[in-house]
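Have a look at the structure below, then the notes.
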Amino acid sequence: MRRIAVCPGSFDPVTLGHLDIITRASLLFDKVIVLISTNATKKQASFTATERMMMIADATAHLDNVVIDILDGLLVDYVKQVQAVAIVKGLRAVSDFEYEFQMALTNKVLYSGAETVFLTTSQENMYLSSSVVKQIAYFGGDISPFVPACIQDAIQKRLSHQGEDIS
Ligand code: PNS
């Protein structure tokens with residue numbers, strides 16, 4: 001049986017921290033679906049779902065068993081539909097824990113057929129987030145230590161010229 005994992009997130013934009021988790025998940029599962037999802041409690045994303053999809057496609061082009069999709073609905077419905085056995089999430093410093101714990105338990109109640117698997121973030125990505133990247137790019141700072149090289153320019157150009165709200 002092919003073991004499928006879904007790796008959901010906002011990825012607005014994808015960072016080296018995300019890429020690290022996706023890469024490690026690709027070694028553990030036969031197929032990983034990176035699922036661009038909407039966090040209904042957050043403000044409007046800076047990049048459209050299609051833009052985020054294209055950036056992740058560029059950054060994961062070397063990973064044969066990784067595909068990307070866009071979610072419009074509940075995560076568990078998608079997980080059930082593709083018969084995934086796991087929802088993979090990265091866990092950073094303690095601040096992530098309560099929120100992730102809540103989502104994992106809620107998803108388990110909604111659908112018990114998949115496990116949430118947490119991968120501990122690598123030490124160098126411990127405090128990295130899309131919000132931090134956006135903040136740096138907005139003020140014209142160097143985001144190269146934080147995002148995949150192939151999408152660095154696209155992120156930088158887009159965010160430093162837009163003058164949009166980055167929260
Ligand atoms: O990158 P994020 O913002 O931590 O990702 C959160 C996300 C998008 C994975 C979560 O909000 C989600 O799963 N959204 C899809 C809608 C859903 O199923 N919500 C219920 C989760 S308990």
Side-chain angles (χ1 to χ4, degrees), residues 4-26 28-29 31-60 63 66-122 124-138 143 146-148 151 155 158-159 164-167:
I4 300 172
V6 171
C7 189
S10 307
F11 305 110
D12 185 43
V14 67
T15 67
L16 288 178
H18 296 130
L19 192 56
D20 173 54
I21 297 297
I22 294 165
T23 304
R24 287 159 57 202
S26 76
L28 294 172
F29 296 92
K31 178 178 172 183
V32 173
I33 305 172
V34 179
L35 192 61
I36 299 164
S37 321
T38 302
N39 184 335
T41 62
K42 281 192 186 164
K43 281 206 248 168
Q44 178 125 24
S46 298
F47 295 90
T48 66
T50 308
E51 286 171 333
R52 287 180 268 161
M53 186 172 192
M54 281 158 57
M55 287 193 280
I56 298 171
D58 272 359
T60 61
L63 299 172
V66 171
V67 298
I68 307 142
D69 203 358
I70 296 171
L71 175 70
D72 183 20
L74 272 184
L75 174 62
V76 287
D77 291 339
Y78 185 95
V79 167
K80 192 173 177 181
Q81 184 201 322
V82 299
Q83 297 183 315
V85 295
I87 298 166
V88 175
K89 301 242 39 200
L91 207 54
R92 292 170 300 189
V94 279
S95 54
D96 274 347
F97 184 75
E98 200 174 333
Y99 171 64
E100 293 295 346
F101 196 74
Q102 183 186 30
M103 275 201 293
L105 290 180
T106 307
N107 284 333
K108 190 75 176 175
V109 171
L110 293 173
Y111 176 57
S112 62
E115 295 293 339
T116 295
V117 176
F118 292 115
L119 297 183
T120 311
T121 190
S122 301
E124 63 271 25
N125 300 320
M126 198 74 176
Y127 296 99
L128 178 53
S129 70
S130 297
S131 307
V132 163
V133 167
K134 285 194 261 189
Q135 181 102 229
I136 298 167
Y138 181 81
I143 57 170
F146 310 119
V147 299
I151 58 168
I155 296 171
R158 173 66 181 282
L159 293 179
E164 63 175 64
D165 185 349
I166 52 166
S167 55

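Order of listing sets the numbers, starting from 1, for every ligand and every atom in it.
One distance of note links CD1 of Ile21 with SG of Cys7; it measures 7.5 Å at 0.5 Å rounding. Once rounded to the nearest 0.5 Å, the distance linking CD1 of Ile143 with CG of Leu16 reads 10.0 Å. Here the CD1-CD1 distance, from Ile87 to Ile33, works out to 11.5 Å after rounding to the nearest 0.5 Å. Between Asp20 atom CG and Leu119 atom CG the span is 8.5 Å, to the nearest 0.5 Å. To the nearest 0.5 angstrom, Phe118 atom CZ is 9.0 Å from Asp96 atom CG.
The protein heavy atom nearest to atom 14 (N) of ligand 1 is Thr38 O, 3.3 Å. The shortest contact between atom 19 (N) of ligand 1 and any protein heavy atom is with Leu74 CD2, 3.9 Å. Looking from atom 8 (C) of ligand 1 to the surrounding protein, the closest heavy atom is Ser37 CB, 3.3 Å. Given atom 10 (C) of ligand 1, the protein heavy atom at minimum distance is Met103 SD, 3.7 Å. Gly73 O, 3.6 Å is the protein heavy atom nearest to atom 16 (C) of ligand 1. Of all protein heavy atoms, the one lying nearest to atom 21 (C) of ligand 1 is Asn107 OD1, 3.9 Å.
Counting heavy atoms closer than 4.0 Å to ligand 1, residue Val76 contributes nothing at all.
Residue contact check: Leu71 has heavy atoms under 4.0 Å from atoms 15 (C) of ligand 1.
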Could you please spell out the steps behind the side-chain contact (heavy atoms from CB on, under 4.5 Å) verdict for Val109 and Leu105? CA-CA 6 Å; Val109 171; Leu105 290 180; 5.7 Å; no
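Nearest residue to atom 18 (O) of ligand 1 from Leu110, Leu105, Leu75, Asp72 is Leu75 (criterion: closest heavy atom).
With respect to Asp12 and Lys134, a salt bridge is recorded, a charged nitrogen being found less than 4.0 Å from a carboxylate O.
For Glu124, the CD atom sits in a packed shell: over 12 heavy atoms of surrounding residues, nucleotides or ligands are nearer than 6.0 Å.
Tyr111 and Asp77 are not linked by any side-chain donor-acceptor pair at a separation below 3.5 angstrom, with hydrogens and angles left out of the test.
For ligand 1, the polar-atom distance check finds an N/O of Ser10 within less than 3.5 Å of one of the ligand's N/O atoms.
Under a 4.0 Å heavy-atom criterion, Lys89 is in contact with ligand 1. No heavy atom of Ser130 sits closer than 4.0 Å to any atom of ligand 1. By the 4.0 Å heavy-atom criterion, Tyr99 is counted among the residues contacting ligand 1.
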